[in-house]
Structures are given as C-alpha cells and as structure tokens.
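Throughout, protein chains are lettered first and strands after them, A, B, ... in sequence-line order, and every chain is numbered starting at 1. Here the structure is a predicted model, which is why all the values come from computation and not from measurement.
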Amino acid sequence: MLFSVIRIRGCLKRRFSSVSCHLFDEIPQRSAHSLFDSFPERGPDSCESIVIGFAKRGNVAEALKFFRGMIGFGIQPTKYTLCSVLSSCSKALDRHLGSQIHARLIRIGYEENLFLSSALVDLYAKCEALTEARRVFDGMKEHDPVSWTSIIAGFAQNGRGKEALIFFKGMLKSEIKPNCFTFASIFSACKEIESAFELASLLHALVIKLGVELNSFVISSLIDCYMKCGEINRAILLFDAAVGRDVILYNAMIAGFSQNSQGEEAWKLFIEMREHGIGPTYFTFSSLLNACGSLAVLQQGKQIHSLITKMGSDQNIFVVSSLVDMYSKCGIVNEARLVFDHSIEKNNILWTSMITGYAQGGRGADGLDLFEQLVKAGMIPDHVCFTSVLTACVHAGFLDKGIAYFDMMENKYNLIPEPDQYACMIDLYGRKGHLRKAKELMEHMPFEPNAVMWSSFLGSCRIHGEIDLGKEAASRLFAVQWHNMVPYITLANLYAEVGMWNEVVEVRKMMRCKGLKKRTGCSWVEVNKRVHVFSVRDGSHPQSNEIYDALDNLILEMRETGYVPKPKYVLHDVDT
DNA sequence: CTAGGGTTAG
C-alpha cells in the first residue's frame, strides 16, 4: 500500500487529476485524503477529482466536505462536479446544500443539460420536495429515460403511487421507452393501488415485450408487488425462473412469505440462501423474525437472535423492532424488554412494538408505564402508538385512563382519532358494561362503525347479557360480513347464556341457510389462556378472515363438546 | 471524468 502511495505521489508531481481515478482504486480513501493535503499545487483539477472520486465511491460525507472546502477556497466548480455533488446531496438528504447548488445552476443555466436536471429532480424527490421536483421536471426542454425514471421513482418512494403511475402513462405516450430502472420503481407504485394485480400483470407483459424480464431489480420489485397482492404462486414462478439470485431477491421472497403467513417457506428459503453463501442482511432478519412471531416458534427465533448478535446486527432499528415483536408474540415479554433496553437508538415504532408487547401479553399497566417513559424521552406518539396504549387500557380494564389517553390524542398531540382508536374505546366501554356509552360513541364518531367495532360491541353485549343491543349488532354484522360466522355464534351464545333456547335454534337455522360450514384442516391449542388457531396442513398461522372463519368453527366445535368459551376468547382476543 | 433502480419493523 505504501508503495502505491509513493508511486502515485511520484506521478502527482505534475498532474494530480490524471491519476486520481486510479488513486481511489489503489489506496484507501483515508490516504487519498492525506495525499491531497500534502500535494503542493492544489488547483481546481485536483479538487474536483477528489470530490468526484469520493462521490463515485459512495463516500458522500467526504465528497460534500471537500466540495464545501473548494467553494471556501473560491474555486468555481464545473458542471461535472456539480452533478456529482447533487447526487451526493440526494443520498445524504441534504436539501439545503442541494438548493444552493440549484441556485448556482440557475445563474449559469442548466435546462439543456439532462444530467443536471435529472440530478435535481432526484434530489428534490429524495428529500420529499415533490412539488419542487415536479417544477424542475416540467421546466426541462426534453426528457430522457433517466429524468422520467427520477420523477416516477420520486413519487413512488414517497407513497404517492397513483401520481407515479400517471407520470408513467405520460412516459408511455412520449417517445421515451421505459427501461429496467423505470420498471423497478413502477411496481412499487403499483402495490398501492386498488387493482394492483391486474395492472402488475399488464405491466409484466410490457416488461417481457421490452426485454427486461431478466433484470434482477425488475424481478424483485415485481415479486414484491405480486406478494403484496397475495399472488404467492406467481412470485414463486418468477423466483424459480430467475437466473442470478441475489440477496435482495431472496429478501423479497422471504418478506413475501412472511407477509402471507407462510413462515415455513420463508425459513426454507433462508436455509437455501445460507447454503449458497448469500446474505443475510438486516432485511432478511426482520422478515424472518416476522415469520417466527406468526409461527410462535421460539427456538428458531432465538437461533436467529444469536446469529444477529454474532453478525453485529443487533443495533439495527428494524431488526430490534422485529426481535421485540417476535419475543412478545412468543409470550416472553421480559426477553423483549431486554432487547428493547439494549437498543441504543429508539424510534416511535420500536417504542410502540414494546408497548404492544405488554398490552397483548396482558401487562397493560407496564405498557402504560412505558408510554409515560416514551413521553419523557421526548418522543411524539402517533396514531399507531395510541392504538397500543388504548389496547393496554382495554386489557388492563383501565376505563378512566383509556378515556384520558383518548382525549389526550387530540388535546395534546393534535391527532384526530381514527377508526382503530375508536374501536379500542368502544371495546373498552363495552367490556366495562357501559354499552350505552359505547353505542353513543359509534353513533357520534365521524365515520360509520366497521365490522371490528360491531364485533367487539356484540361480544360485550354477550358478556353483559344485553339481548336487544346484541341483536342489533349481530344484524349489522350479518349485513357487512355475510360469509363470517362469528356474529352468528356470538349471538347464539348470548341467547344460550340467558336461556333463550328457541332463539339459539333460530340462529343455527340461519347459519345453515347461509351454507356456513365447518372448515377442515384446522386445529386449536390453548396457550397462556389464549386460543391459537393453526392449520394442520402446513403448521402456518392463518390470519385475518381465515383466522376468523377457522375460529368460528372451532368455537362451535368446542361448544358441541361441552366447552364453554369464556369472554376472553371472542375473536378480537385471538387476532394477535 | 458527470445522472437514475429493487427488499425490512409498530
């Protein structure tokens, strides 16, 4: 290494920039730095080479530092340098410096330069200044694939998929053809819209037509989109056909399997990628832990945890949140707390994971205690966080505290309560026997009550033997969820508990008329006084509608064998 | 000599 430095220093006698490209390949960047300092004739050429060299190699901080330095020396940067620096600004999310460069560019004129315009569009898009990005884009005299892709990616990455798709339409109308970069962005925009699957299929055809179907960026984006639509088989087809499987492709598959409750498959792929010596990365860990939580397989979760520690990934905030979530879901809240305490960086999501862990583990008081600490730590709680807090109140039966926190949302944090938080309050009032109050809340909130609210309300009616209100809730549920058995069963139980046997028979008859039948292939276990439903076929843990359907049948089955479900076994307790 | 892309947590 030393020899390289000496050799390069020899070359540098006359021109620094002539060797600067090689310089970065041969010696560490730290040495490049000191070499520059020791070089006697620091002119514009050498400064620019250093800036571009660092920028090109992704050392954004150094590139920006040198750029500031050269401006301080009064050296005028060329457009080449400004282009590199803009890219570094966008990576560092330094909108301030980026705007200053923009101002400089306006003075010297840049509209004809596609490189500079695209870099500006990208900068503003990455810094979430989409109006500004659009202004630059619209001001361009002509567009190329890069500028189109920059504006499309900008909207897609900021959760504005619809607008991204409108730009994409504009691109298709123009002479410019989308390339693999464009498609990689467009599929992430796709998954946000209603008819995602239909559109993705159409665009998939276009991908093949334009011959970019082998690009791994396009494939992983497409796989992710299909997975989010629940089209697991399509994703598998794409994955099997892919030639060079990189770590992101594996991660996309593992995340997809986890999101679709196919924990076993996620694990199989993880083992496969390890056999091929690929990864894992932070992304792999968080997806895989997600799968552990839903399978409630603690052993595997612990194995991953030790691997994470071994690889030094135990301070990544995504990984930590997943660990907390996994341990909580496996019922070891104390272990989750240890991981939480050990994490140096703590954001809103991590705090919320931990509060949820306490709430769902039946330790509502600890959850609320943690929330107070969150506030003391200077964090600003958001909607999801309040859902956790209110859930903790529901589990602990803290009515007054629940009301106080609910009011606090709007009074202290300017958060307008959403259906999720109203649902908690309806549940809380209902369970405490304040059914009128719960009903009042449903009638006066700014939106229509949803199925979750009616379900919990019906459950509360059953606990407190409120026939009339229960009947009404059940009929509302029958209207929205005709395929769901839960309201029928709850209503039947409600009648049964007060001895209205004729009505029980009526409800059973209604169920039979609707053709609601028992589902096979599911079983249940009781762990920590909670019912867990799982599929016998693959051991996976069904979610949402599937879990409700399965649970309906199980409760029926249990009742038929003389098992009387307690209130805590109503559906919203099981959906964890 | 300069520009654009895919996967993760409550």
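For Thr352(A) against dG10(B), a side-chain N or O and a base N or O form a donor-acceptor pair under 3.5 Å. Within 3.5 Å, a donor on the side chain of Asp382(A) pairs with an acceptor on the base of dG10(B), or the reverse. The base of dT8(B) sits with one of its N or O atoms less than 3.5 Å from a complementary donor or acceptor on the side chain of Ser286(A). Looking at Asn290(A), its side chain has no donor and acceptor atom pair within 3.5 Å of the base of dA9(B).
Remark: of the listed residues Val136(A), Leu123(A), Leu97(A), Val136(A) is the sole one forming a side-chain contact (heavy atoms from CB on, under 4.5 Å) with His102(A). Evaluated for a ring pair (Phe, Tyr, Trp, His ring centres under 6.0 Å) with Tyr250(A), the options Phe257(A), Phe239(A), Phe270(A), Phe283(A) yield exactly one hit, Phe239(A). When each of Phe406(A), Phe371(A), Trp351(A) is paired with Phe386(A), the ring pair (Phe, Tyr, Trp, His ring centres under 6.0 Å) condition holds for Phe371(A) and for no other.
Of the listed nucleotides (dG10(B), dG4(B), dG6(B)), dG6(B) has the atom at the smallest distance from the side chain of Gln157(A). Candidate nucleotides dA3(B), dG5(B), dG4(B) were compared by shortest atom distance to the side chain of Pro145(A), and dG4(B) ranks first. Ranking dG6(B), dG10(B), dG5(B) by closeness to the Cys180(A) side chain, first place goes to dG5(B). The nucleotide whose nearest atom lies closest to any side-chain atom of Gln259(A) is, among dG6(B), dA3(B), dA9(B), dA9(B). Closest approach to the Ala252(A) side chain among dG10(B), dT8(B), dT7(B) is made by dT7(B) (side chain taken as heavy atoms from C-beta onward). Of all nucleotides listed (dA3(B), dC1(B), dG10(B)), dG10(B) comes nearest to the side chain of Thr356(A). Distance from the side chain of Phe181(A) is smallest for dG5(B) among the nucleotides dC1(B), dG5(B), dT8(B). Of the candidate nucleotides dG5(B), dG10(B), dG4(B), dG10(B) has the atom lying nearest to any side-chain atom of Asn348(A). Here the side chain of Ile317(A) is nearest to one of dG5(B), dT7(B), dA9(B), namely dA9(B).
The residue Asp144(A) sits close to a base: some heavy atom pair falls under 4.0 Å. Ala119(A) comes within contact range of no nucleotide atom at all, as no heavy-atom separation falls under 4.0 Å. Looking at heavy-atom distances under 4.0 Å, Asn316(A) makes no contact with the nucleic acid at all. Counting non-hydrogen atoms under 4.0 angstrom, Ser353(A) reaches the backbone sugars and phosphates but no base.
Within 6.0 Å of the CD atom in Gln300(A), the count of heavy atoms belonging to other residues, nucleotides or ligands exceeds 12. Heavy-atom neighbours of Glu175(A) CD from other residues, nucleotides or ligands within 6.0 Å: at or below the threshold of 12. The environment of NZ in Lys209(A) is sparse: at most 12 heavy-atom neighbours from other residues, nucleotides or ligands sit within 6.0 Å.
Across all their heavy atoms, Leu390(A) and Gly402(A) have their closest contact at CD2-O, 3.5 Å. Looking at every heavy atom in both residues, Asn158(A) comes nearest to Gly154(A) through ND2-O, 2.7 Å.
One atom, CE of Met171(A), and another, P of dG5(B), lie 14 Å apart when rounded to the nearest Å. Leu116(A) places its CG atom 12 Å from the P atom of dG4(B), with the value rounded to the nearest Å. One can place CG of Leu249(A) at 13 Å from P of dT8(B), the figure rounded to the nearest angstrom. In this structure, Phe168(A) atom CZ and dG4(B) atom P are separated by 20 Å, rounded to whole Å. With rounding to whole Å, Asn251(A) atom CG is found 11 Å from dG6(B) atom C1'. Between the CG atom of Leu323(A) and the C1' atom of dA9(B) there is a distance of 10 Å, rounded to whole Å. We find that CD1 of Ile186(A) is positioned 18 Å from P of dG4(B), with the value rounded to whole Å. With rounding to whole Å, Arg337(A) atom CZ is found 16 Å from dG10(B) atom C1'.
Looking at residues 364-373 of chain A, you'll see that no heavy atom sits under 4.0 Å from any atom of DNA chain B. Scanning residues 207-230 of chain A for heavy-atom distances under 4.0 Å to DNA chain B yields Asn215(A), Ser216(A), Phe217(A), Ser220(A), Asp224(A), Lys228(A).
In this structure a side-chain-to-backbone donor-acceptor pair under 3.5 Å is missing from Asn260(A) to Gln262(A). In this structure, the side chain of Glu192(A) engages the main chain of Gly161(A) through a donor-acceptor pair within 3.5 Å. Proximity of a side-chain donor or acceptor of Glu345(A) to a complementary backbone N or O of Gln315(A) within less than 3.5 Å is not detected. The backbone N or O of Leu114(A) lies less than 3.5 Å from no partner atom in the side chain of Ser117(A), so there is not a single donor-acceptor pair.
For Ser87(A) and dG4(B), the shortest distance from a side-chain N or O to OP1 or OP2 is below 4.0 Å. Between Lys191(A) and dT7(B) there is a side-chain polar atom (N or O) within less than 4.0 angstrom of OP1 or OP2.
Here Phe115(A) counts as stacked on dT2(B): its ring centre is under 5.5 angstrom from the base ring centre and the planes meet at under 30°.
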